[in-house]
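Beneath this line is the structure, given in structure tokens, with notes to follow.
FYI, side chains are in, hydrogens and waters are out, and symmetry mates aren't considered; it's all heavy atoms of this structure. Index from 1, following the sequence.
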Amino acid sequence: MTQGQRAGGSWRHESVFIHRFHSRTSGVKALRSWRTCRCGATFCAVLFQEASVTRRKLSLLLLLAASIAAPLSAGTHSAAGFKKLQSLAGDWVGKDGHGMAVKTSFKALASGTAVMETLSPAGMEEMVTLYSIDGDGIALVHYCPTNNQPRMRVVPDSDDIKELSFDYQGAGNLKSPSVGHQHHLVMRFDDAEHITETWTWRQDDKDIPMLFHLTRKKN
């Protein structure tokens, strides 16, 4: 074999070796590239999932904040109305719609969370009414000498409270709606020293108003 043939053979072997080497290294590079791409895609997917979770958590937090803020905002007027009732604390005297004497008193109870009124019309036994905040409204329970307990409620629509009109919600110990019971109350705040209460007595589907004009009693 001549030197040229040996050289040519050696060159061919080297060429084959280089070709195979490049093929293998290209495969490794391709594998690395594929792994990098796959890892990158996985990383992006993880980031996307985390971002989605974060967005969902943020949405839930916003909804929670809104749900908390809504009642607080809605309850603002009821708080103003209840403060108006609290301001009545003390004794009151006056006359009913027929000119007969009447007296009442208001007292804050349970750390100011309830107001109790004790109303004594002429010729009648005293009646007790408990007022308290009920979410966006003010609720009352009226304890009547007729041994039933009507429940009423009002939702004030403003902080500027001129009157509170309580609507009937039901009653304890009432055999039927036709049995006599207090069915409605309108409490009007004429000024800081005068109020007017109009109770509506309902019996056999007939309404009878009971009007009381009251003045704050001076000590």
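Between the side chain of Gln86 and the backbone N or O of Gly112 there is at least one donor-acceptor pair closer than 3.5 Å.
Using a 4.5 Å cut-off between side-chain heavy atoms of Ile, Leu, Val, Met, Phe, Trp and Tyr, Val93 forms no hydrophobic cluster with any other residue. The other members of the hydrophobic cluster of Leu109, by chain and number, are Met116, Val128, Leu130, Val141, Tyr143 (side-chain heavy atoms under 4.5 Å, ILVMFWY only).
The two residues Thr198 and Pro209 come nearest to each other via the heavy atoms CG2-CB, 4.4 Å. The two residues Trp92 and Ala192 have their closest heavy-atom pair at CH2-O, 3.8 Å. Listed here is the closest heavy atom pair of Ile138 and Leu85: CG2-CD1, 4.0 Å. Minimum interatomic distance between Gly137 and Pro156 (heavy atoms only, all atoms of both residues): CA-CD, 4.3 Å.
Looking at heavy atoms from C-beta onward, Phe212 lies in side-chain contact with Leu119 at the 4.5 angstrom threshold. At least one side-chain heavy atom of Leu88 sits less than 4.5 Å from a side-chain heavy atom of Phe189.
For residues 81-99, the set of pairs meeting the salt bridge (charged side-chain N to carboxylate O under 4.0 Å, His left out) definition, not counting sequence neighbours, is empty. Evaluation of the salt bridge (charged side-chain N to carboxylate O under 4.0 Å, His left out) test over residues 170-196, restricted to residues two or more places apart or in two chains, returns Arg188-Asp190, Glu193-Arg216, Glu193-Lys218. Residue pairs satisfying the salt bridge (charged side-chain N to carboxylate O under 4.0 Å, His left out) criterion with at least one member in residues 112-128, sequence neighbours excluded, are absent. Pairs of residues two or more places apart, or lying in two chains, that qualify as salt bridge (charged side-chain N to carboxylate O under 4.0 Å, His left out) and include a residue from residues 156-166 are Asp160-Lys162.
The hydrophobic clustering, which links ILVMFWY residues whose side-chain heavy atoms are closer than 4.5 Å, places Val179 and Met124 apart. Hydrophobic clustering (ILVMFWY, side-chain heavy atoms < 4.5 Å, transitive): Phe106 and Met210 are in one cluster.
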Extract all donor-acceptor atom pairs below 3.5 Å that involve side chains of residues 146-154 and protein atoms in other chains or at least two apart in sequence.
unit_1 : atom_1 : unit_2 : atom_2 : d
Thr146 : OG1    : Asn148 : ND2    : 3.3
Asn148 : ND2    : Gly180 : O      : 3.1
Arg153 : NE     : Asp134 : OD2    : 2.8
Arg153 : NH2    : Asp134 : O      : 2.7
Arg153 : NH2    : Asp136 : OD1    : 2.8

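With sequence neighbours left out, Ser132 forms a side chain to side chain contact (heavy atoms under 4.5 Å, CB included) with no residue at all. Judged as a ring-ring contact (aromatic ring centres under 6.0 Å, His included), and not counting sequence neighbours, Phe82 has no contacts. Looking at residues two or more places apart in sequence or on another chain, you find a side-chain hydrogen bond (donor to acceptor under 3.5 Å, both in side chains) between Ser165 and His184. Checked against ring-ring contact (aromatic ring centres under 6.0 Å, His included), Tyr168 has the following partners two or more places apart in sequence or in another chain: His181, His183. Every side-chain hydrogen bond (donor to acceptor under 3.5 Å, both in side chains) that Gln203 has, sequence neighbours left out, goes to Trp201.
Each of Asp167, Leu140, Leu164, Thr200 was checked for a side chain to side chain contact (heavy atoms under 4.5 Å, CB included) with Leu185, and the lone residue meeting it is Leu140.
Side-chain polar atoms of Thr113 and Ser111 form no donor-acceptor pair below 3.5 angstrom.
Rounding to the nearest 0.5 angstrom, the gap separating the CD1 atom in Ile161 from the OG atom in Ser87 is 10.5 Å.
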Residue pair Glu197, Leu211: steps toward the side chain to side chain contact (heavy atoms under 4.5 Å, CB included) verdict: CA-CA 6 Å; Glu197 293 187 20; Leu211 184 65; over 6 Å; no
Check against side chain to side chain contact (heavy atoms under 4.5 Å, CB included), Tyr131 and Met187: CA-CA 12 Å; Tyr131 304 88; Met187 183 177 290; 3.5 Å; yes
